Amino acid sequence: MKVVLIDDVKTNLMILELMLKKFKGVKSISFEHPVRALEWCKNNHLDLIITDYMMPEIDGIKLSKKLREYKKEDPIPIIMITAHGEEKVKMEALNSGITDFLTKPVNKAEFQARVKNLLKLREYQLKISNRAEWLEEEVKKATIEIENREEEIIFRLSRAAEYRDDDTGHHIKRMAFYSYTIAQALNLDKKFTEMLLKAAPMHDVGKISIPDRILLKPGKLTKEEFEIIKTHTLNGYKILENSNIQLLNLSAEIALTHHEKFNGEGYPYGLKGNNIPISGRICAVADVFDALTSKRPYKEAWSVEKSLNLLKEERGKHFDPDCIDAFFNVLSKILEIKERYKG
Ligand code: C2E
Ligand code: SIN
Ligand code: FE
């Protein structure tokens with residue numbers, strides 16, 4: 001513990017120093033000039049100040065006010081020593097941040113009791129502030145941990161839902177990273193962009209309700225079969241809707257709207273243009289590009305060139321033109337992702 005002694009009379013300082021000797025582990029530093037004391041306090045750690053009231057330049061009250069200004073977050077205890085006749089300043093002193101008083105001539109027992117109590121107070125102050133810092137750290141760690149777990153569980157659920165036609169999980173990985181990359185190219189809010197990355201893998205969880213004979217059918221679907229396929233959007237939404245987890249609300253929105261088309265000819269609602277949430281408009285581009293370039297039970301994988309031609313052709317029809325432009329602006333990144341999660 002570090003105690004700062006301030007008195008313009010040298011002999012007084014010596015007496016205080018002597019009385020402090022009894023305290024083990026306490027170091028003191030003495031100042032005859034309050035301005036210099038303040039200067040030192042500004043730049044150093046200290047645990048207790050014992051200051052005279054009446055001094056040239058700055059009195060004990062002004063000194064205390066200045067110190068409280070410098071160390072706003074740190075309520076260092078301050079003892080002020082007053083002489084007889086200075087009693088009336090005590091009220092003002094308390095208001096300006098003085099913690100306790102001693103009266104001249106300083107009584108040894110009284111001095112030791114005050115100092116002991118205030119050092120104890122200081123010890124608790126430091127403990128609480130360390131603990132608050134420690135707790136804050138722990139809460140941060142725990143929050144990150146929870147978020148990671150949420151994401152992992154969500155991703156594994158998405159994989160379970162996709163397992164029948166995507167047993168590597170690569171389709172949902174590619175589709176999520178494509179969506180993320182398009183959102184970045186559109187300069188969307190960073191938090192939203194990151195959430196999109198985590199929510200996009202769930203776009204097709206509703207497929208869990210589609211029977212194998214339709215989902216895995218090697219040939220073209222009949223009209224009735226396609227009507228059943230369409231229900232995967234609403235069914236996905238029903239699985240994910242009304243959550244307290246923000247991420248799930250976004251994935252519900254994506255599940256519902258990733259097959260809407262910009263020209264209003266999509267499903268389930270035939271929403272048009274900006275009535276389709278931006279998440280759905282982005283995921284539509286990502287989903288179709290991946291479907292085209294991948295092998296499906298009903299089709300071979302298309303070449304990148306042929307797939308890009310379809311995206312261009314459908315700009316403003318199936319797809320939001322801005323999302324298509326963004327996609328082409330970051331095409332090299334898209335192709336890197338395709339390479340990274342191939343198969
Ligand atoms: P998916 O295979 O992941 O395809 C997603 C979307 O990519 C399709 O949505 C469509 O917009 C686009 N897409 C995929 N393949 C082609 C294609 O060969 N040509 C064109 N022009 N676009 C293509 P869509 O059509 O709403 O289909 C939703 C899901 O329904 C498909 O997801 C797939 O699981 C299933 N599906 C669609 N058509 C057939 C089919 O003829 N046979 C079978 N077995 N399943 C189909
Ligand atoms: C898939 O078959 O992996 C995707 C189906 C869909 O986009 O609806
Ligand atoms: Fe889908």
Side-chain angles (χ1 to χ4, degrees), residues 157-179 182 196 199-240 250-271 276-277 279-320 323-324 327 334 338 341 343:
L157 277 178
S158 317
R159 283 196 64 173
E162 296 268 336
Y163 204 79
R164 285 177 296 165
D165 60 342
D166 174 31
D167 59 5
T168 60
H170 284 180
H171 162 59
I172 50 177
K173 273 250 156 73
R174 283 192 303 263
M175 138 74 183
F177 278 109
Y178 292 159
S179 305
I182 297 168
L196 191 68
M202 284 174 281
H203 68 286
D204 267 342
V205 287
K207 274 188 351 194
I208 210 155
S209 64
I210 309 295
D212 280 359
R213 71 182 157 80
I214 297 176
L215 189 70
L216 303 180
K217 182 176 174 179
K220 193 155 173 47
L221 299 178
T222 65
K223 198 170 177 307
E224 291 73 32
E225 286 167 337
F226 193 64
E227 286 306 312
I228 293 174
I229 281 272
K230 283 184 181 176
T231 63
H232 83 279
T233 50
L234 274 162
N235 290 341
Y237 181 72
K238 278 187 214 149
I239 292 171
L240 299 164
L250 181 59
S251 50
E253 179 180 282
I254 294 169
L256 186 63
T257 60
H258 72 281
H259 286 292
E260 295 289 1
K261 295 187 180 179
F262 201 70
N263 61 10
E265 289 173 15
Y267 60 87
Y269 294 132
L271 298 178
I276 308 164
S279 64
R281 281 179 271 149
I282 291 172
C283 288
V285 178
D287 188 32
V288 170
F289 178 69
D290 195 53
L292 295 177
T293 51
S294 304
K295 188 175 155 34
R296 291 280 194 259
Y298 62 97
K299 65 175 266 297
E300 284 307 313
W302 290 15
S303 71
V304 169
E305 198 194 346
K306 188 175 171 192
S307 308
L308 295 181
N309 282 338
L310 183 131
L311 294 193
K312 275 182 205 152
E313 212 170 281
E314 291 292 324
R315 182 182 183 277
K317 297 179 200 163
H318 186 157
F319 307 112
D320 177 349
C323 293
I324 291 293
F327 176 94
I334 299 278
K338 179 169 153 37
Y341 300 103

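Both counts, for ligands and for their atoms, begin at 1 and track the order of listing. None of the values given here were measured: they were computed from a predicted structure.
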Using the rule given for side chain to side chain contact (heavy atoms under 4.5 Å, CB included), can you reason through Leu256 versus Leu240, listing the C-alpha separation, both sets of side-chain angles and the distance that settles it, and then say yes or no? CA-CA 10 Å; Leu256 186 63; Leu240 299 164; over 6 Å; no

Is there a side-chain hydrogen bond (donor to acceptor under 3.5 Å, both in side chains) between His318 and Asn263? Walk through the geometry before answering. CA-CA 6 Å; His318 186 157; Asn263 61 10; over 6 Å; no

Test side chain to side chain contact (heavy atoms under 4.5 Å, CB included) on Asn309 and Trp302 and set out the steps. CA-CA 11 Å; Asn309 282 338; Trp302 290 15; over 6 Å; no

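Within Asp204, the N, O or S atom at minimum distance from the Fe ion (ligand 3) carries the name OD1. The Fe ion (ligand 3) lies closest to atom NE2 when only the N/O/S atoms of His232 are considered.
Near Lys217, meaning under 4.0 Å from one of its heavy atoms, ligand 1 places the atoms 43 (C), 44 (N). Ligand-side atoms of ligand 1 in range of Trp302: 17 (C), 18 (O), 19 (N), range being under 4.0 angstrom from any heavy atom.
For ligand 1, the polar-atom distance check against Lys220 finds no nitrogen or oxygen pair separated by under 3.5 Å. Note: no N/O pair closer than 3.5 Å links Asp287 and ligand 1 by distance alone. At a 3.5 angstrom cut-off on N or O pairs, Tyr267 counts as close to ligand 1.
Under 4.0 Å from ligand 1, not a single heavy atom of Asp204 appears. By the criterion of a heavy-atom distance under 4.0 Å, both the backbone and the side chain of Leu221 are placed next to ligand 1. Contacts between Ile214 and ligand 1, counted as non-hydrogen atom pairs separated by less than 4.0 Å, involve the backbone only. At a heavy-atom distance under 4.0 Å, only side-chain atoms of His259, from C-beta outward, approach ligand 1.
Under the 3.5 Å distance criterion, the side-chain polar atoms of Lys299 are left unmatched by any main-chain donor or acceptor of Pro218.
For Thr257 against Pro277, the heavy-atom pair with the smallest separation is CG2-CD, 3.7 Å. Nearest heavy atom pair, residue Pro211 against residue Arg164, reads C-NH1, 3.9 Å.
Under 4.0 Å is where a charged nitrogen must lie from a carboxylate oxygen, and between Glu314 and Lys317 no such pair does.
Side-chain contact check for Asp204 and His232: at least one donor-acceptor pair (N or O, by modelled atom type) lies under 3.5 Å.
The heavy atom nearest to atom 5 (C) of ligand 1, out of those in Pro297, Ala291, Pro218, is found in Ala291.
For the Fe ion (ligand 3), the N/O/S atoms of His259 include one lying under 2.8 Å.
Ligand 1 lies out of reach of Ile210, whose nearest heavy atom is not under 4.0 Å from it. Under a 4.0 Å heavy-atom criterion, His318 is in contact with ligand 1. Judged by the shortest distance from any of its heavy atoms, Gly219 lies inside the 4.0 Å radius around the atoms of ligand 1.
Taking the six-membered ring for Trp, His203 and His259 have ring centres at least 6.0 Å apart.
Under the 4.5 Å side-chain criterion, counting only non-hydrogen atoms from C-beta, His171 is not in contact with Arg159.
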